[in-house]
There are 2 protein chains.
Amino acid sequence: MRQLGSAQPTAVELEILRILWELGPSPVREIHRRLNEAKGTNYSTTVKMLSVMLTKGLVKRDERATPHVYRAALTRERAGKTFLRDLIDKVYDGSAMSLVLQALANGKATQAEIDEARRLLDEMEGQP
Amino acid sequence: MRQLGSAQPTAVELEILRILWELGPSPVREIHRRLNEAKGTNYSTTVKMLSVMLTKGLVKRDERATPHVYRAALTRERAGKTFLRDLIDKVYDGSAMSLVLQALANGKATQAEIDEARRLLDEMEGQP
DNA sequence: GAAGGGTAGCGAAACCTTTCGCTGACTCAA
DNA sequence: TTGAGTCAGCGAAAGGTTTCGCTACCCTTC
């Protein structure tokens, strides 16, 4: 059984989250308009994706309203943090410093810059 | 048809790339040892994944050697850049500055820090 | 109450990734 | 030559994501 809180959004799911982050809580029709604009998706598909995301806990919905209003269950900030952490884990074996060093590698970076970057990344990682 | 150069490595593919980045060019047996260690994968699976990755252009192999030697077709640096760009595109709608601002948002950041971070990210993005 | 439009949901198909059984080739030693 | 071991590859199954057809349920409005 997949842990509810730890599910990484898939490509389309992320696209929907992005729309919700931009629009704020919205009815399906609104979300669909955007998604269809971007990639010609069928209305049924949008509804299905939202229902899948609901069971995964990626979105929440207010059923009292008609039409139902959906909203993202995580913030853009949290998603960003998670993805960045994931990137560091998957590409740099968990070493944030590796990424920083690599980033500065071909450029001309002072020690001050490196320290600065380190602090920035520490903040991004958040506190476990 | 999927563009060869633009294929984003999947989870297992990335795990294999990570092994190759660490070990350098290696025979299947070596790669398999690591992969199996990490997640108990069958030998056949490792071979198959490598063959899939070969057709996708993610790895190259020297068939003159016996056993065949595989090596990553992209560097860790390039993969990191691509993933970071992808993260920015998918989560922050392509605005690197959004990510930086968000990262600094809850912390207490000086203007100097922000400028620093901007420069860092510019470098990470590479020059189109 | 019948027709039409907006809304919601289910189940199955289509597609991609990941897994592995099975097979064959090749090498080395007895 | 035969048997044991290593290496490579194919095809199909298993599992997850994404797609959509079809159905049903409200509301209006006639």
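Residue numbering restarts at 1 for every chain, and letters A, B, ... go by the order of the sequence lines.
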Can you check the B:L54 CG to D:dC10 P distance for me, whole Å? 11 Å
Measure the shortest side-chain to side-chain distance between B:Y43 and B:R29 over non-hydrogen atoms and say whether it is less than 4.5 angstrom. yes
Closest approach to the side chain of B:T10, judged atom by atom: which nucleotide of D:dT17, D:dT18, C:dT18 is it? C:dT18
Answer yes or no: does a side-chain N or O of A:T45 lie under 4.0 Å from OP1 or OP2 of D:dC20? yes
Filter on side-chain hydrogen bond (donor to acceptor under 3.5 Å, both in side chains), then keep only pairs touching residues 58-74 of chain A, sequence neighbours left out; what's left? A:R61-A:E63, A:R61-A:Y70, A:D62-A:R64
Grab the CE-C1' distance between A:M53 and D:dG16 for me, whole Å please. 16 Å
Does the side chain of A:R76 come within less than 4.5 Å of B:D93's, by heavy atoms? yes
Between B:E13 (CD) and C:dT19 (C1'), how many Å, whole number? 14 Å
When every non-hydrogen atom of B:A72 is compared with those of B:W21, the smallest separation belongs to CB-NE1, 3.8 Å
Roughly, in whole Å, what's the span from CG in A:N36 to P in D:dT18? 17 Å
One should read off an interatomic distance between B:N36 CG and B:I31 CD1, to the nearest 0.5 angstrom, of 13.5 Å
Roughly, in whole Å, what's the span from CZ in A:R33 to P in C:dG6? 12 Å
Between C1' of D:dC25 and CD of A:E63, the distance in whole Å: 15 Å
When you compare the side chain of B:M53 with that of B:L17, does any pair of heavy atoms fall below 4.5 Å? yes
Considering only heavy side-chain atoms of A:M49, the closest of C:dC20, D:dG21, D:dT18 is D:dT18
Point-to-point distance, once rounded to the nearest 0.5 Å, from OG1 of A:T10 to CD of A:Q8: 10.5 Å
Can you check the B:L35 CG to C:dC20 P distance for me, whole Å? 10 Å
Whole-Å distance separating the CG atom of A:L50 from the P atom of C:dT7: 13 Å
Checking salt bridge (Lys or Arg N to Asp or Glu O under 4.0 Å) for the pair A:K90/B:E15: CA distance, chi angles, key distance, verdict? CA-CA 7 Å; A:K90 293 218 177 113; B:E15 221 158 329; over 6 Å; no
Give me the distances for all protein-to-nucleotides 4-8 of chain D N/O pairs that come in under 3.5 Å?
from: D:dC7; atom 1: OP2; to: B:R29; atom 2: NE; distance (Å): 2.4
from: D:dC7; atom 1: OP2; to: B:R29; atom 2: NH2; distance (Å): 3.2
from: D:dA8; atom 1: OP1; to: B:H68; atom 2: N; distance (Å): 2.6

Enumerate the protein-to-nucleotides 12-15 of chain C contacts in which both atoms are nitrogen or oxygen and the separation is below 3.5 Å.
none

Hey, could you give me the NE2/OG1 distance between A:H32 and A:T45, rounded to the nearest 0.5 Å? 8.5 Å
